[in-house]
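For reference, the structure is listed below as structure tokens.
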Amino acid sequence: MAEKIPPELQTQIVKLQQLQAQLDRLAYEKSVIDNELREVNKVLEELSTLSADTAIYKIVGNVLVKKDKSTIEKELNDRKEILELRSRTYQKQETLLRNQFEELQKKVNELVQRYYPQSGQSSVPPKA
Amino acid sequence: MSENQGKMVISLEDLLSQADLLKKQIDELQKAQAELADSLASISSAKDSIEELGKQQEMLVSSDKKGYLMFRIQQQPQSKVLVYLGLAYYAEVELPTAIKILESRENELNQALQDINSKLSESINAYSQIAEILKSIQQQSNQKGE
């Protein structure tokens with residue numbers, strides 16, 4: 001029969017898995033933000049090559065609405081600011097969580113060594 | 001995973017979960033690859049259409065996706081078109097500018113497709129290696145069973 005994992009170790013492993021899930025979710029959310037930011041920059045770059053009197057249209061539902069180039073640029077620059085702020089926030093959160101993850105990983109490895117001194121290496125895989 | 005006399009020991013469960021993870025990754029990458037290829041085909045088609053817009057000619061337009069109904073339109077030579085910039089924006093530009101914008105988007109998508117292709121070949125390679133290991137394990141267990 002399989003040996004029962006000590007409760008202390010079990011608790012820490014669960015915490016580690018939760019942190020891993022949080023990190024994965026955060027990485028996904030950050031990638032969504034970064035993709036949109038890349039697209040905003042791409043549109044701004046294209047707009048910068050067009051003359052001021054170029055007719056720009058925005059999709060609103062199923063219709064195209066004519067807008068001023070300057071209005072669109074302002075709209076996009078505002079969006080860009082918000083996205084950059086959110087991206088930086090996610091970056092800080094990710095760094096914080098990664099540090100917590102690494103500390104907890106060390107703790108789990110120490111517990112594994114304490115409870116299973118005969119096993120050569122820990123069974124906790126390093127975070128990619 | 002443990003180390004015995006300098007050898008790395010990996011459990012069968014680890015191998016199987018790694019293979020499962022790679023399979024999911026391969027599926028996602030193939031889906032993204034198909035979407036990018038579809039977008040590139042659309043851009044190519046748009047560029048071809050621009051070539052025709054400068055000419056005055058009779059055209060047939062389909063009323064639906066499958067082409068159950070077609071009708072004739074008299075095409076006036078066009079000097080401007082609405083081209084997609086990204087997000088939710090279109091710009092009304094001269095034909096050469098439209099081609100430039102489309103080519104810029106095409107280059108970007110080609111680069112993304114290259115990245116996906118290289119990631120895909122890495123994943124397929126890793127998956128094949130694991131499949132080989134699993135195959136040899138199965139063969140060994142079959143031999144022991146005999």
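Given the structure is predicted, the values throughout are model-derived calculations rather than measurements. Lettering of chains follows the sequences in order, A, B, ..., and the numbering in each one begins at 1.
- Note on B/Ile124 and B/Ile116: same hydrophobic cluster, where clusters join Ile, Leu, Val, Met, Phe, Trp and Tyr whose side-chain heavy atoms are under 4.5 Å apart, directly or indirectly.
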Side chain to side chain contact (heavy atoms under 4.5 Å, CB included) for A/Leu76 and B/Leu87? Distances and angles first, verdict last. CA-CA 10 Å; A/Leu76 285 169; B/Leu87 296 172; 3.8 Å; yes

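- For A/Val65, no part lies near chain B; criterion is any non-hydrogen pair under 4.5 Å.
- Between B/Arg105 and A/Lys42, the closest side-chain pair of non-hydrogen atoms falls below 4.5 Å.
- Each of B/Leu21 and B/Leu15 belongs to its own hydrophobic cluster when Ile, Leu, Val, Met, Phe, Trp and Tyr are linked at side-chain heavy-atom distances under 4.5 angstrom.
- A salt bridge between B/Glu92 and A/Lys67 is absent, with no side-chain N of the basic residue lying under 4.0 Å from a carboxylate O of the acidic one.
- Residue-environment remark: NZ (A/Lys69) exceeds the threshold of 12 foreign heavy atoms within 6.0 Å.
- Hydrophobic cluster membership is shared by B/Leu16 and B/Tyr127, with clusters built from Ile, Leu, Val, Met, Phe, Trp and Tyr side chains linked at under 4.5 angstrom.
- Within 6.0 Å of NZ in B/Lys47 there are more than 12 heavy atoms belonging to other residues, nucleotides or ligands.
- Of the atoms belonging to B/Ser104, heavy atoms from both backbone and side chain fall under 4.5 Å from chain A.
- Of all heavy-atom pairs spanning B/Leu85 and A/Val43, the tightest one is O-CG2, 3.6 Å.
- The side-chain heavy atoms of B/Tyr89 and A/Leu47, taken from C-beta on, include no pair separated by under 4.5 Å.
- To the nearest 0.5 Å, atoms NZ (B/Lys100) and CD (A/Glu46) are separated by 10.5 Å.
- Considering only heavy atoms from C-beta on, B/Tyr90 comes within 4.5 Å of A/Ile59 through its side chain.
- Within 6.0 Å of the NZ atom in B/Lys119, the count of heavy atoms belonging to other residues, nucleotides or ligands does not exceed 12.
- For A/Tyr28, the OH atom sits in a loose shell: 12 or fewer heavy atoms of surrounding residues, nucleotides or ligands are nearer than 6.0 Å.
- Contacts between A/Ile56 and chain B at a heavy-atom distance below 4.5 Å involve backbone atoms as well as side-chain atoms.
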